[in-house]
Amino acid sequence: MKPFSFGKNERIKEKKLFEKLYTSGKISFSSNKKIKAVYFFVEDSNAVFPKVAVAVSKKAGNAFWRNRVKRLLREAYRLNKLPISSFCKEKKKRLFIILSPFLFNQKEHKTIGYIDVVPGVQEILSAIIRNEDK
RNA sequence: CGAUCAAGUUGGGCAAUUGCUCUCCGCUAUAGGCGGGGGGAGGAAAGUCCGAACUCCACAGAGCAAAGCGCCGGAUAACGUCCGGGCAUUAAUUUAUUAAUGACGGAAAGUACCACAGAAAAGAUACCUCCCCGGUGUAAAUCGGAGAAAGGGUGAAAUGGCAGGGUAAGAGCCUACCGCUCUAAAAGUAAUUUUAGAGGUUCCUUUAAAGGAAGUGGCGCUUUAGCGCCAUCAAGGCAAACCCCACUUGGAGAAAGGUCAAAUAGGAAAGUUCCACGCCACGGCGUGGCGAGGCUGCUCGCUUUGAUUAGCUUUCGGGUAGACCGAUCGAGGGUUGAAGUAAUUCAACUCCCAGACAAAUAAUUGCCGUGGCGCUUUUGGCGUCAUUACAAAAUUCGGCUUAUAGACUUGAUCGUCUU
RNA sequence: CGGAACGUAGCGCAGCCCGGUAGCGCACUACCUUGGGGUGGUAGGGGUCGCAGGUUCAAAUCCUGUCGUUCCGA
């Protein structure tokens, strides 16, 4: 596995998994309330890498803006996933995450860049590790 | 030269690293794996407003309903689109041209509506007024009768306009010009245009957009004179009110539709009910072996039992999850030539150019280009800042509509400077 | 991807079909009633009818375009 890849088997694609996450997952926010994450852990010694999805509400903006947010969130995860994947490897757990923007829409942030997103994602990923480690 | 507005064109390029997606080749050997080559958003991909392709369902034929469309001709697979022509409106000036815009058939087929004001809002009218006759009165005026609708007034709109004649006052009552209708000829495929000709009378009846008589004009018959037929100027607006006429349209949509098909439940069919042999009235019965249970510490032995509105096995059909197809080579793009005023069409050569499905085009950086500002300042060079708008395929095409930074082109308006 | 409805006063709605006056309830303001408040009564203010264009003498109403909101279909 390459260190910065983000292929199809690292994403959540099954509808049932989404339902399970939204009904029984834990929720955490970044400190500026811009980004929300829904996640839970499963004991599994075979598949060690986490699975991630990105979801944007239809009310946040138009199609162009939503696509842009999804790409930036994916990029942020891709470049910052090393600590969390190694954590999963140690604990022999499988992690599922859904990343979403929260209190973050097109009207207030018409043009957004990579820098607007990265700190929130880093913060959330480290928070997930901290909470599970306790 | 600058600013603003409107319309149109364009919607930066090359490279590196890390990633994503499709595809081809190779390796591993079947998994969303590894390596290499190649492709990878737009002018609107948007809104989903029209028209088609494609798919399934329905369908003898005709009509009605409903919806849409509407000057004429052409283009097209088709269109509410495009091109050309006509007409109308508006603007500008050159006053007959240019530009822009136009849901641009029918209001003498019928029904409805037209607030307020006004006599009257559409077959019937008369407030002020004009005029004549008669009565009263010195007169002003007023009453009764008859005529008129020119002028005033109301209104968005008042029953063709305008000028002259005419008259008691008026009136297409008469005349000229304009308008309108009809007929004929010419130009044009047609819409339409041009030219020529004709058409404005009086009276009567009557719940009345009618009818009759006379007159005038034309045509035909015929015998000078008559007979017959046709015409003899109003029709307010509104059809983006109902409607009439002409034309078009079967319905649903890729969540269309097709192929393969797990598990569970249910449906249909066949086989089987521990095995072998024998008997049989075909339901079973007997003997031996086999499995399971019981008696027992174990073996032998004895004994019970081997399920029938059911179970098991196999097959079939429908079909869910899921997978695959539909799916990207097409009314396709580019270049050149030909036809046509043009939309567009034809021919030759050439190219292959996204195909996902919780949904791929991203992040970071460099150079060039472009634009602004400053310095230097003839071409130019240097520094610095920005590289930004709108907005991302989802079956595919043809249009329409709307959104758009900067640059470029054209036009209009305003301002400044020079001549 | 396909389909439907709604935008009118601070809030909730009527008026639109069939065009001429924008109205109702709550809220708001003033006054009366009360010793004061509430209740009750009287009077009043407040609306570019989402936006733009068109038809018409006249548009919230008819037509076209556009913006926004909400809902439905696996």
Side-chain angles (χ1 to χ4, degrees):
Chain A
M1 187 68 62
K2 290 191 288 184
F4 297 113
S5 71
F6 188 49
K8 278 186 171 177
N9 53 357
E10 291 181 61
R11 302 182 201 170
I12 305 175
K13 298 177 95 78
E14 294 81 12
K15 207 169 190 175
K16 286 173 187 171
L17 263 177
F18 274 92
E19 287 171 5
K20 199 173 179 184
L21 267 165
Y22 278 119
T23 50
S24 61
K26 299 175 191 170
I27 304 174
S28 90
F29 297 96
S30 66
S31 57
N32 57 1
K33 292 272 184 190
K34 275 186 180 175
I35 295 167
K36 176 176 104 170
V38 181
Y39 67 98
F40 74 99
F41 285 90
V42 171
E43 302 284 342
D44 190 349
S45 51
N46 297 326
V48 287
F49 48 83
K51 277 193 153 204
V52 178
V54 177
V56 186
S57 163
K58 212 170 188 179
K59 292 181 182 174
N62 61 16
F64 176 79
W65 194 89
R66 295 202 303 271
N67 266 335
R68 174 137 187 98
V69 169
K70 282 158 80 174
R71 282 173 187 149
L72 290 174
L73 284 176
R74 270 207 304 274
E75 187 72 9
Y77 172 77
R78 185 176 73 79
L79 296 176
N80 295 288
K81 71 172 188 175
L82 269 180
I84 200 151
S85 57
S86 57
F87 173 79
C88 287
K89 226 170 203 170
E90 282 175 23
K91 299 280 178 178
K92 296 218 183 290
K93 281 180 176 175
R94 185 156 202 183
L95 174 64
F96 299 95
I97 314 177
I98 298 175
L99 294 168
S100 297
F102 186 75
L103 296 178
F104 190 47
N105 54 36
Q106 192 178 9
K107 277 184 183 174
E108 293 164 19
H109 303 83
K110 180 104 180 178
T111 56
I112 53 172
Y114 181 61
I115 295 171
D116 298 327
V117 168
V118 162
V121 172
Q122 282 174 339
E123 189 189 339
I124 281 192
L125 291 180
S126 54
I128 290 174
I129 293 177
R130 234 188 3 261
N131 290 346
E132 192 62 21
D133 217 10
K134 279 177 190 171

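Quick note on labels: first sequence line is chain A, next is B, and so on, each numbered from 1.
Close to A46(B), at under 4.0 Å from its OP1 or OP2, lies no side-chain N or O of N62(A). Here R66(A) does not reach the OP1 or OP2 of A358(B): none of its side-chain N or O atoms lies under 4.0 Å away. Considering only side-chain N and O atoms, R71(A) lies nowhere under 4.0 angstrom from the phosphate OP1 or OP2 of A392(B).
Under the side-chain hydrogen bond (donor to acceptor under 3.5 Å, both in side chains) criterion, S31(A) pairs with E123(A), sequence neighbours left out.
Distance from the side chain of R74(A) is smallest to U361(B) among A392(B), G19(B), U361(B).
If you take atom C1' in C50(B) and the same atom in G188(B), they sit 34 Å apart, rounded to whole Å. A gap of 16 Å separates the P atoms of A52(B) and A331(B), to the nearest Å. Here, U201(B) and A235(B) have their P atoms 14 Å apart, quoted to the whole Å. Nucleotides A30(C) and G45(C), compared at atom P, are 15 Å apart to the nearest Å.
Stacking between Y114(A) and A363(B) is absent: the aromatic ring centre is not both under 5.5 angstrom from the base six-membered ring centre and within 30 degrees in plane angle.
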Pair assignment for RNA chain C - dot-bracket with | for other-strand partners, Watson-Crick or G-U under 3.5 Å: (((((((..((((......[..)))).(((((.......))))).....(((((..]....)))))))))))).
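Atom CZ of R78(A) and atom P of U21(B) are 12 Å apart (whole Å). Following rounding to the nearest Å, N67(A) (CG) and A358(B) (C1') show an atom-to-atom distance of 12 Å. To the nearest angstrom, C1' of A362(B) lies 10 Å from CG of L79(A). The nearest whole Å value for the distance from the CZ atom in F64(A) to the C1' atom in A359(B) is 17 Å. Look at CZ on R68(A): it is 15 Å from C1' on A41(B), rounded to the nearest Å.
Sequence order on RNA chain B of the closest nucleotides to R11(A) and W65(A) puts R11(A) first from the 5' end. In terms of position along RNA chain B, the nucleotide closest to I12(A) lies nearer the 5' end than the nucleotide closest to the other residue of the pair I12(A) and A63(A).
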